[in-house]
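Here's the structure we're looking at; comments come further down.
Just so it is clear, the structure is predicted and the values come from calculations on it, not from any experiment.
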Amino acid sequence: TLPRGRSLVFNCVSTWGDQNFVGLAGIEVFDGRGFPVVMKDPVRQVSADPHSINVLSDYEHDPRTPDKLFDQVNLTRDDLHVWLPIRLTSCP
């Protein structure tokens, strides 16, 4: 039986060594037939805590926001297609 639902909760439990930030280029979700699930409006459908580095006073319009996780551009280093939140102290 495949999982079903309307919400996906993704918890980052560690980083690859950066003490201040977590970076991620994409998350892929597939339906029961193996086809990619495409979100209609990721800006409205995706939330994160912390949202991005825009929560810091030095940043205001950084493009690395959580909606980029679902823009279908996953193999990239382009800032316009990745998410960069600050690392929480509870994250090892």
Side-chain angles (χ1 to χ4, degrees):
T1 303
L2 294 171
R4 296 174 186 254
R6 292 185 164 263
S7 296
L8 172 67
V9 177
F10 177 79
N11 292 309
C12 172
V13 296
S14 66
T15 70
W16 282 9
D18 193 301
Q19 296 181 9
N20 300 305
F21 302 99
V22 175
L24 192 59
I27 295 175
E28 293 181 296
V29 179
F30 297 90
D31 67 17
R33 297 175 296 153
F35 294 105
V37 173
V38 178
M39 293 193 179
K40 293 178 183 175
D41 188 0
V43 172
R44 286 188 37 238
Q45 294 173 282
V46 178
S47 63
D49 183 28
H51 182 267
S52 64
I53 62 173
N54 289 317
V55 300
L56 301 173
S57 60
D58 292 344
Y59 295 88
E60 188 175 336
H61 299 291
D62 192 275
R64 296 170 288 186
T65 52
D67 56 290
K68 305 310 186 300
L69 293 174
F70 297 94
D71 70 358
Q72 301 176 314
V73 181
N74 298 332
L75 299 174
T76 184
R77 294 185 199 170
D78 184 341
D79 285 353
L80 298 177
H81 297 285
V82 298
W83 175 50
L84 184 69
I86 59 171
R87 179 179 176 266
L88 297 176
T89 56
S90 62
C91 187

For Leu69 and Asn74, work out which heavy atoms get closest and say how close. O-OD1, 4.0 Å
One should read off an interatomic distance between Glu28 CD and Gln72 CD, to the nearest 0.5 angstrom, of 8.5 Å
Which residues satisfy the side-chain hydrogen bond (donor to acceptor under 3.5 Å, both in side chains) test with Asp79, sequence neighbours excluded? none
Single-linkage hydrophobic cluster Leu24~Leu84, side-chain heavy atoms < 4.5 angstrom: no
State which residues pass side-chain hydrogen bond (donor to acceptor under 3.5 Å, both in side chains) with Ser52; sequence neighbours excluded, sorted by chain then number. Asn54
Nearest non-hydrogen partners of Phe10 and Ile27, listed with the distance: CG-CD1, 4.2 Å
Check the hydrophobic clustering (I, L, V, M, F, W, Y; side-chain heavy atoms under 4.5 Å; chains of links allowed) and say if Tyr59 and Val55 are grouped together. yes
Partner residues of Pro66 under the side-chain contact (heavy atoms from CB on, under 4.5 Å) criterion, sequence neighbours left out: Val46, Ala48, His51, Trp83
Should side-chain heavy atoms under 4.5 Å link Ile, Leu, Val, Met, Phe, Trp and Tyr, which residues sit in the same cluster as Val43? none
Does atom CG of Leu75 have more than 12 heavy-atom neighbours, drawn from other residues, nucleotides or ligands, at distances under 6.0 Å? no
Name every donor-acceptor pair, under 3.5 Å, that has one atom in a side chain of residues 29-39 and the other anywhere in the protein, sequence neighbours excluded.
residue : atom : partner : partner atom : Å
Asp31   : OD1  : Arg33   : N            : 2.9
Asp31   : OD1  : Gly34   : N            : 3.1
Asp31   : OD1  : Phe35   : N            : 2.9

Starting from Val73, can I reach Leu80 by hopping between I/L/V/M/F/W/Y residues whose side chains sit under 4.5 Å apart? no
Which salt bridge (charged side-chain N to carboxylate O under 4.0 Å, His left out) pairs, counting each pair once, include a residue from residues 65-78, with sequence neighbours left out? none
Between Asp18 and Asn20 the two heavy atoms that sit nearest each other are OD1-N, 2.7 Å
Separation between CZ (Phe21) and CG (Leu56), nearest 0.5 Å, reads 6.5 Å
